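Accompanying notes for the structure given below.
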Amino acid sequence: MDFLNPGSVTEALELKASVPDAVPIAGGTDVMVELNFDHRRPPALLNLNRIAELHTYSTVDGRVRIGACVPYSRIVTELGSVLPGLAMASRTVGSPQIRNRGSVGGNLGAASPAGDSHPALLATDAVVEIASTRGVRMVPAKDFYVGVKRNVLEPDELITAVHVPPATGPQQFSKVGTRNAMVIAVCAFAIALHPEQQRVGTGIGSAAPTPLRAHEAEEFLAAELPWGSPDGLLDSLNRRFGELVAKAASPIDDVRGTASYRRHALAVMARRTLSWTWSEYRRTAQCA
Amino acid sequence: MTTGGIGESPLRPDGGLKVRGQYAYSSDLWLENMLWGATLRSPHPSARILSVDTSAALAMPGVHTVLTYKDVPGENVYGLKLQDTPVLAEEVVRYQGEPVALVAAEHPETARRAVKAIKVEYEVFEPVLDPELVAHSPDAPQVHPGGNLVRHQRILKGDPDATADVVVSGVYEIGMQDQAFLGPESGLAVPDGDGGGVHLYLATQWLHVDQRQTAKALGLPVEKVKLTMSGVGGAFGGREDLSIQVHACMLALRTGRPVKMSYNRQESFFGHVHRHPAKMYYEHGATAEGDLVYVRARLYFDGGAYASKTPVVVGNGTTLGVGPYNVPNARIEAWGVYTNNPPCGAMRGLGAVQPTYAYESQMDKLAAALGMDPADLRIRNAMSEGSTTVTGQVVDFPAPVAELIQRVKDMPLPEPSGSDILQLPGGAANTTHGEGVVRGVGYGVTIKNISYAEGLDDYSTARVRLEVVDGEPVATVHTAAAEVGQGLITVQQQIARTELGVQQVVLHPCDTDIGDAGSSSASRQTYITGGAVRNACRAVRAKLQELAGSEDVPDIAAVLGDEVIEETREYHHRKTYPLDPETGQGNAHVQYGFSAHRAVVDVDTELGLVKVVQLDCAQDVGKAINPDAVVGQIHGGSAQGLGLAVMEEIQVAEGRIRNPSFTDYLIPTILDMPPMTVDVVERPDPHAPYGVRGVGEPPTISATPAIANAIRAATGLELPRVPIRPEYIIDLTDGGS
C-alpha cells in the first residue's frame, strides 16, 4: 500500500486524479478502523494532514467555509456561537481524543447514515465544496448523500470544505444513544430556525439509508409557526411536528435499536428541540 | 519502623507506568526472530467438518506451518471442570468462533491472509439454542455425546411446599455480559531447543491450571512447560479458560521458533467465555408482617457449547439463590446446559449475579405487595452470624447484612438534577433539558461465596527469602498468584513488610517455578495467597529469631550477616464439603462476602434513557489490607454492575454474536458512572488471615439490581430483563410515534 503525501490541495488533486482508488485520510478515525478490520485494502492512502489549507476556516460569501480536516474539537470551541447546531452535533462525536482527530470532511467522505454532523448540515443548508483537477463544484448537503455510505463524489474528487451559513436563529441537535457519551447514534435530529425566511430546517440521522430532511414537517412549520408573535407553541403543534418527522424516517431494526423505537425517539426529539428553539426565539429580540 | 504495611495504602509499583501508558502488557511481548500465530475459527454455530484443505495457505510465502487437530501432540481435549473442549475442532464445530486451524507466519498480516486461504467444507446444522427447552427435552439434538445437561442441582430446606399470606412471583432474564478486559488475549511461546520443552509468556489468571492443561495437550511432562506471567490487561474471569496457550506452544514447537499470538478486539469476543445468560422463575412467600416464609425458584443457565465453569455456576446459583436472607423453607433448582450459543464460564460474581438480580427484584415486588419500605423489608429478613443458610450451613463469622443496608439507607440523597445536560439522561447527546425525567431510588444486596467451594482443596504457595543487600535487609516474595489489576502485588508486599519488619520487599517474577497459587478468581487471592505469604514470612521470622536467639530482632541486618533465610509455605482454607445431590444440603462454602448498594437514577420516561445519578455502597471486607485498593475494587465492580443494568450485552441471534466490538458492546464511560459514597465496614472473619473477607466480586453483583430497582421505582414498570434497553421503558404499542 502506497502512502501519498501531498503538500497542497493542487498536488492532492493531481494525485487523486492519477490514483483514483487512493483513499483520503485525515484523522483516520474511520479509515484506520476499516484498515485494521481488513474491511478495506486500498492501493494507496492519500494523506491530507500536511495540507494547511484544509485545516483552517474562514468566511466566504457570508458563509463559514470549514476546511475538510478541521477537527470537531475546534468547531466546538471556536465556532459554537456562529454555528451552534453543528457545534452541538460535533460535541456528541466519540471521545475527546476522537474529536481532536475526526472532522466534518471525514464524516462526509464516509457518508454513514449515523454520522453525527449530517443532520446539522442538512438543517442549516450547508453546501459541500468538492474539487478535482477538473474544477470545483458546490453540492448542497441535501443532494450529497445518495445511499448507505455513498455520496456524490467521483473517483478523482476530494472534499475540500463545507460551507455553512451562520445561524440567523436558534439551532438544536439531539441524539439518542444507549450510553451517556461516546456512542454511535441510535437516531439523531437537528433543527434550525431561519426567522428571516420564516422557515425551519431539519435533519434526521441514523433512521434511513441516508441522512435526510423531513420535508413535510418543515412545510408544516413554515405554514403554522406564529413568527414574530411572543406566544408559545401549542402542544398539538409540537406533537404534529414530531409525528411528521417520525413519518419522514424509514428506520430499520438493528443491534443498536428497533425501527419503532427510532420513530418514537425521533418524534420526541423533534418536539423537544422545536420547543427549545422556539423558547429561545421568543426570548430574543427577534420577536420583540 | 517500616511503612507501607497492612492497613496502609502504598502506591502500586506498576501504577505510574500504567497511567503513563508505559507498562508492558502481554501484547507487547517481542523477540527478534519470532513468528506470528493466527487462528481459523468456525463461522457456524453448529456444523460437521467435511474437509480441511491447507495447501493454499501453506504455499503462501512467509507461512511456516498450518496445523489442525491432527497435529495436536497430546490429548486434544481440555476443560476446567469437564474434559470436553478440543484444542482444535475435530469432526464438528459447536459454536461460532471455535478454533479449527492455526497458522504461523513471518508477519501477522501474512498469518491472517493464510488463515483466509484455508478451505474448510462444512455441513451446517440447526443450532441448539434454548436452554430451558434443552433442560427438559432429553430427545433434543445433542451438542455433546451423552446429552446436553452439564449439571442439575436441587436444594430443599424445611417444607418446600410451604404456603404464605403474601405471595409474589416473577420470571427474570439476564443477557450475556462480557468481561470486556482491555488487554486482549496474547502470549509468546519460546521453544527451549534441545530440551523439547517450551516457555510460554502470557497474561492469565491461573498459571498452574494453564500449565497442566497445556502440558497434557502437548503430550509433555508438566516440567517441560514453563509459564511466566506477563502484563495482564484485566481478566474478570475471562482468562480462566485456555485461549492462545496450547495454540502458541504447538506452533512454536512445530516451527522451532518463538511464536507470538495476540487477538484483536473482535477475535477476543470469540476467544473467551462470557457470563451465563439465565432465565429464572421465582416465587416468594411471606407473612403479612413481612417475614419470609419460603422461596421457590427454577434457574436455567445457558452454558453454550462447552462446560467451562457451568457446574460452578449451578452450584453458586442454587446455594446463594435466596440471597442474604433468613429463609426457613426453600426449593431451589437449577440447570446448566449445553447449547450452540457462545460458551459461557467465569465472570466476576460467578453464578451469583443472575439470582441476585432475580431475588432482589422479588424483594422489591414483595415490599410493594406488603406496603413496606424495600430497605426495611430487607433488614427485617437479613441473615446474621448464627443464621442457617438454605444448604443447612451455619454462618460462623460476622454477617452484618442489616447494618450494610441501614448504612446505605442513611447516606444523604443527592439534590435534584439541575440544567447541566451532562448530569441528565442522554448526557452529552442533549436529549432532554428535564422533560420526561423522573427520579427513582433502589436497593440491591448480595451474598457471594469467597474462594473455591463444594469440597475443593483451595490453597496457595509462597516462598519468602530474606537476605542483606547493600547493608539493608531485603525480602523477596515469590508466588504464582496473578496480578490482574486488583492490587495483589501491593498486598503481598504489605504483608511481608508487616510480618518481617523489613521495608524493602521485592516481588519475584510470577511463574511456575513455585507451587500453585490457584486462580485470581472467586475474590480469593488476598485471603489465600495472602495467607501463604503470611505463613512463609512467619517461618522466615522464626528462623531469624532462632538465629538471633531472641524473640526480638531489632537489627535484622546485623543478625543475618551473610546468611540467607528462605522458606516456602502453603495456606489451605477450612475444608468445605460437596452438596448432597438430592437435597443440596452441605457446608459448601468457606466464607461469604456481603455488599449493599443504593442507586439513585433519573429516567427519561419518554426516551427510555437512564442516568445513574448516585450509586452508594456499603461492604464488609473483614479487614482492609489496602484501603485504597478496596475502594478501587468497589468502584470498579460497581461500574461493571452498572454496565449490566443498563447497557452491557453480547447480543446473540441464532447462535451468532451480533456486536463483537466496543462500538456496539458498550461499557460505561466516566459520564455514565456517578459519584459513589463507599462505606468500608470491617468485621473480621476469625477463620481468615488477618480477618480478611474477599472484596472483588460482591459490588459487581449488588449494583445491578439496585439500579434496576431504582428504574422500576421511577417508572412503575416490571422490567423483568437486564440490561434494561430504552425500548423496555417506553410504550411502543402505538407503533412508535
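In this text, all values refer to a predicted model and were calculated from it rather than measured experimentally. Lettering of chains follows the sequences in order, A, B, ..., and the numbering in each one begins at 1.
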Below 4.5 Å, heavy-atom pairs only: which of [options] has the largest tally toward chain B?
{"options": "A:Thr178, A:Val33, A:Asn36", "answer": "A:Thr178"}
{"options": "A:Thr258, A:Thr92, A:Thr273, A:Ile184", "answer": "A:Thr258"}
{"options": "A:Arg256, A:Met182, A:Arg91", "answer": "A:Arg256"}

Between [options], who has the most heavy-atom pairs with chain A when the cutoff is under 4.5 Å?
{"options": "B:Met647, B:Gln266, B:Glu606, B:Arg725", "result": "B:Glu606"}
{"options": "B:Ile730, B:Asn659, B:Ile421, B:Asn264", "result": "B:Ile730"}
{"options": "B:Lys611, B:Gln651, B:Glu649", "result": "B:Gln651"}
{"options": "B:Leu424, B:Ile670, B:Thr432, B:Leu422", "result": "B:Thr432"}
{"options": "B:Leu666, B:Thr669, B:Val610", "result": "B:Leu666"}

Under-4.0 Å salt bridge between B:Glu435 and A:Arg271: no
Residues of residues 105-113 of chain B within contact distance of chain A, non-hydrogen under 4.5 Å: B:Glu109, B:Arg113
Which portion of A:Phe173 sits near chain B, non-hydrogen atoms under 4.5 angstrom: backbone
Proximity breakdown for A:Val245 and chain B, heavy-atom pairs closer than 4.5 Å: neither
Positions in residues 208-219 of chain A that reach chain B, provided some heavy atom is under 4.5 Å away: none
Audit row: B:Asp731, A:His264, side-chain contact (heavy atoms from CB on, under 4.5 Å) steps and yes/no: CA-CA 9 Å; B:Asp731 181 7; A:His264 169 90; over 6 Å; no
Short side-chain to backbone donor-acceptor contact, A:Tyr261 and B:Leu732, under 3.5 Å: no
Side chain A:Ser174, main chain B:Asn430, donor-acceptor under 3.5 Å: yes
Heavy-atom contact with chain A under 4.5 Å, split by part of B:Pro425: backbone
Distance (rounded to the nearest 0.5 Å) between A:Asn180 CG and B:Gln423 CD: 9.5 Å
Option passing side chain to side chain contact (heavy atoms under 4.5 Å, CB included) with A:Arg179 (candidates B:Asp672, B:Leu609, B:Leu671, B:Val646): B:Asp672
B:Gln22, CD atom: more than 12 neighbouring heavy atoms under 6.0 Å: yes
Which atom of B:Arg658 lies closest to which atom of A:Asp254, heavy atoms considered: NH2-C, 3.7 Å
Heavy-atom distance under 4.5 Å between the side chains of [X] and [Y], does that happen here?
{"X": "B:Thr431", "Y": "A:Phe189", "answer": "no"}
{"X": "B:Pro726", "Y": "A:Val176", "answer": "no"}
{"X": "A:Val255", "Y": "B:Tyr665", "answer": "no"}

